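All values derive from a computational prediction rather than experimental measurement.
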Amino acid sequence: MNFEFPLKELPAVMRGPRMERRRVLVGGSACWGSIVEEGAQQGQLRLDDGRVVDLATVQHLPPVSPSKIIAVHISYSSRSFETRNQPRPTETPTYFTKPPTSVNGHGCEIHKPADSQYLNYEGEYAVVIGRTCRNVLPDEAWDYIEGFCPALDMGLQNYRDTDQGSMLRVKGADTLLPIGPGIVRGVNLFEQTLRTYRNGLVVQEAHIGDETIWGPHYVVADIARHITLVPGDVILMGTPCHSRSVDPGDLVECEITGLGRLAGTVVAIDAPRASALGVGHQPTDSPEVRRVACGFDERVPEHLKANYRQAALKK
């Protein structure tokens with residue numbers, strides 16, 4: 001079995017030609033289409049009914065409708081160094097889930113409630129399941145993957161004290177999973193670079209092949225030992241170092257070379273009405289919350305810290 005890198009053979013989902021599927025709103029109707037990869041219409045979207053549309057004229061919808069979303073806690077070596085001061089966080093991957101209602105699309109609004117101080121970005125790539133998958137080996141798992149998407153696994157860190165075990169409200173609130181713009185296959189994921197931007201400046205950066213601890217084939221096989229994955233399900237593959245909080249008005253983007261660039265704008269919303277009555281655990285600003293929300297600046301590259309500070313001045 002091939003658990004480690006480099007891969008002995010590139011799986012079909014990562015062999016060319018590149019193909020990208022997007023779901024958009026055209027004339028009030030949801031439509032699927034494919035990006036035109038060459039020729040005079042290159043970069044435009046050819047809808048399944050034959051029409052060709054300019055991407056600037058359509059609203060993007062999430063390209064997935066998952067029954068479940070499963071996320072790896074830590075799977076990049078730089079993130080493990082920052083948070084654990086070691087190259088591998090645990091012997092095997094650990095996971096949490098996000099509800100399907102957290103899904104959001106490219107060009108979306110990301111809500112930051114008035115009673116939450118820390119809303120952190122985490123640029124990631126998402127694995128989209130294409131076939132029902134249960135009890136598979138890692139080398140077989142590639143055949144059950146439809147493709148990959150950029151994603152932003154946003155988190156309301158002020159709920160970490162109460163939801164650290166489940167991450168339910170930290171990562172599961174509405175709007176906290178922008179994903180897209182499309183589902184891509186035919187690109188060697190491990191040759192790509194992931195970058196997260198705050199107001200146009202790079203605040204996270206990692207070469208995926210260099211930093212990956214567990215590949216998607218291992219993660220899919222691990223989860224599918226006990227949980228059946230069905231078409232449309234999403235697995236979030238973790239983030240590199242320097243996850244930090246953003247503010248209303250910030251433009252947050254995740255770009256993965258070969259896959260595309262996903263964008264969302266942080267928008268302030270009122271605190272939940274029930275919170276004013278003292279319903280439920282209230283947001284906190286504890287040492288544990290700040291440990292995750294503010295991270296360890298001494299363990300991340302200087303240019304990421306400088307860009308993050310500069311980006312705060314650009315709104």
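- Using a 3.5 Å distance cut-off with no hydrogens or angles, the side chains of Asp153 and Tyr121 do not pair a donor with an acceptor.
- Val203 and Leu194 fall into different hydrophobic clusters, defined by Ile, Leu, Val, Met, Phe, Trp and Tyr side-chain heavy atoms under 4.5 Å apart, directly or through other members.
- Nearest heavy-atom pair, Arg51 versus Val26, reported as atom, atom and distance to 0.1 Å: NH1-CG1, 3.9 Å.
- There is a side-chain donor-acceptor pair under 3.5 Å between Arg21 and Ser34.
- Within the model, atoms CD1 of Ile69 and CG of Leu236 stand 7.0 Å from one another, a figure rounded to the nearest 0.5 Å.
- There is no side-chain donor-acceptor pair under 3.5 Å between Thr196 and Glu253.
- Put simply, the side chain of Lys68 never gets that close to the backbone of Pro99: no donor and acceptor are under 3.5 Å apart.
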Let's go through Leu177 and Met154 carefully: what are the C-alpha distance in whole Å and the side-chain angles of both, what is the deciding distance for side-chain contact (heavy atoms from CB on, under 4.5 Å) to 0.1 Å, and is it a yes or a no? CA-CA 6 Å; Leu177 181 56; Met154 307 297 293; over 6 Å; no
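- Side-chain heavy atoms closer than 4.5 Å link hydrophobic residues (I, L, V, M, F, W, Y) into clusters, and following such links, even through other members, never connects Val128 to Trp142.
- Taking a 6.0 Å sphere around CG of Asp210, one finds it holds more than 12 heavy atoms contributed by other residues, nucleotides or ligands.
- In this structure, a donor-acceptor pair under 3.5 Å is present between the side chains of Ser286 and Asp161.
- Using a distance-only test at 3.5 Å, with no hydrogens or angles considered, no donor-acceptor pair links the side chain of Asn307 to the main chain of Leu201.
- The side-chain heavy atoms of Thr97 and Met167, taken from C-beta on, include no pair separated by under 4.5 Å.
- For the atom pair CD1 of Ile74 and CH2 of Trp214, the computed distance is 8.5 Å after rounding to the nearest 0.5 Å.
- Side-chain contact between Ile179 and Val234 is present, with heavy atoms from C-beta onward closer than 4.5 Å.
- The two residues Leu156 and Ala173 make their nearest non-hydrogen contact at CD1-CB, 3.9 Å.
- Looking at heavy atoms from C-beta onward, Val300 lies in side-chain contact with Lys305 at the 4.5 angstrom threshold.
- Cluster membership check: Val219 shares its hydrophobic cluster with Ile70, using side-chain heavy-atom separations under 4.5 Å among Ile, Leu, Val, Met, Phe, Trp and Tyr.
- Between the side chains of Gln192 and Thr257, at least one donor N or O sits under 3.5 Å from an acceptor N or O.
- Of the possible polar contacts, none joining the Gln41 side chain to the Glu38 backbone as a donor-acceptor pair under 3.5 Å is found.
- The two atoms that bring Ser245 and Leu119 nearest to each other are OG-N, 3.0 Å, heavy atoms only.
- With contacts defined as side-chain heavy-atom distances shorter than 4.5 Å, the pair Glu140/His217 does not qualify.
- At least one side-chain heavy atom of Leu152 sits under 4.5 Å from a side-chain heavy atom of Leu262.
- Here the side chain of Asp250 pairs no donor or acceptor atom with the backbone of Val266 at under 3.5 angstrom.
- By the 4.0 Å N-to-carboxylate-O rule, Arg79 lies close enough to Glu122 to be salt-bridged with it.
- Screening Pro240, Pro89, Cys241 for a side-chain contact (heavy atoms from CB on, under 4.5 Å) involving Ser80 leaves a single residue, Pro89.
- Without hydrogens or angle criteria, Asn199 side chain to Leu251 main chain gives a donor-acceptor distance under 3.5 Å.
- How far OG1 of Thr212 is from CG of Leu189: 7.0 Å, rounded to the nearest 0.5 Å.
- Of the possible donor and acceptor atoms, one in the side chain of Lys112 sits under 3.5 Å from a partner among the backbone N and O of Val246.
- Look at Arg225 and Asp222 and you find a salt bridge, because one of the NZ, NE, NH1 or NH2 atoms lies within 4.0 Å of a carboxylate O, short of that distance.
- Annotation: cation-pi pair Arg88/Phe81 absent, no NZ/CZ under 6.0 Å from the ring centroid and within 45° of its normal.
- A side-chain N or O of Ser67 and one of Asp233 form a donor-acceptor pair less than 3.5 Å apart.
- Taking the six-membered ring for Trp and the full ring otherwise, the centers of His73 and Phe96 sit less than 6.0 Å from each other.
- Using modelled atom types, one finds a donor on one side chain and an acceptor on the other under 3.5 Å when comparing His60 with Arg22.
- The two residues Val103 and Pro66 have their closest heavy-atom pair at CG2-CG, 4.1 Å.
- Taking 4.0 Å as the cut-off between side-chain N and carboxylate O, Arg131 and Glu146 do not count as a salt-bridged pair.
- Under a cut-off of 6.0 angstrom, the local environment of CZ in Arg46 is sparse, with at most 12 non-hydrogen atoms contributed by other residues, nucleotides or ligands.
- Taking a cutoff of 4.0 Å between a charged side-chain nitrogen and a carboxylate oxygen, Glu82 and Arg291 do not qualify as a salt bridge.
- When all heavy atoms of Leu176 and Lys98 are compared, the pair lying nearest together is O-NZ, 3.3 Å.
- Side-chain atoms of Asp247 do not come within 3.5 Å of backbone N or O of Ala312 as any donor-acceptor pair.
- Distance alone, capped at 3.5 Å, is enough to place a donor-acceptor pair between the His106 side chain and the Ala263 backbone.
- Linking ILVMFWY residues whenever their side-chain heavy atoms come closer than 4.5 Å, directly or via other members, places Tyr308 and Ile110 in the same cluster.
- The 12-atom threshold is exceeded at CD of Gln86, counting heavy atoms of other residues, nucleotides or ligands nearer than 6.0 Å.
- Comment: Arg261 engages Glu255 in a salt bridge, judged by a side-chain N to carboxylate O separation of less than 4.0 angstrom.
- For the atom pair CD (Glu9) and CG (Asp139), the distance works out to 9.5 Å, reported to the nearest 0.5 Å.
- Using a 4.5 Å heavy-atom cutoff, the side chains of Leu47 and Leu45 are in contact.
- A donor-acceptor pair under 3.5 Å is formed between the side chain of Asn158 and the backbone N or O of Thr284.
- Ile129 and Val187 end up in the same hydrophobic cluster when Ile, Leu, Val, Met, Phe, Trp and Tyr side chains are linked at under 4.5 Å.
- Taking CZ of Phe148 as the reference point, atom CD1 of Ile208 lies at 9.5 Å (rounded to 0.5 Å).
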Candidate pair Tyr159 and His281, rule ring pair (Phe, Tyr, Trp, His ring centres under 6.0 Å), full reasoning: CA-CA 8 Å; Tyr159 282 101; His281 193 282; 7.3 Å; no
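- Remark: His303 pairs with no residue by the ring-ring contact (aromatic ring centres under 6.0 Å, His included) rule, at least two apart or across chains.
- Here Arg23 does not pair with Asp48 in a salt bridge; the nearest charged N to carboxylate O distance is not below 4.0 Å.
- Seen from the ring of Tyr118, Arg290 does not count as a face-on cation partner, given the 6.0 Å and 45° thresholds.
- Across all non-hydrogen atoms, the minimal contact from His111 to Thr175 is N-OG1, 3.0 Å.
- Of the N and O atoms on the side chains of Gln204 and Arg195, not one donor lies less than 3.5 Å from an acceptor on the other residue.
- The CD atom of Glu109 lies 10.0 Å from the CD1 atom of Ile269; values are rounded to the nearest 0.5 Å.
- For the residue pair Gln164/Glu288, the side-chain donor-acceptor check at 3.5 Å is satisfied.
- Residues Pro63 and Cys149 form a side-chain contact, since some pair of their non-hydrogen atoms from C-beta on lies under 4.5 Å apart.
- A donor-acceptor pair is defined here as one N or O able to donate and one able to accept, closer than 3.5 Å; no such pair exists between the side chain of Glu191 and the backbone of Asn188.
- A heavy-atom distance below 4.5 Å is not found between the side chains of Cys254 and Tyr125.
- Glu124 and Thr239 form no side-chain donor-acceptor contact under 3.5 Å, judged by distance and modelled atom types alone.
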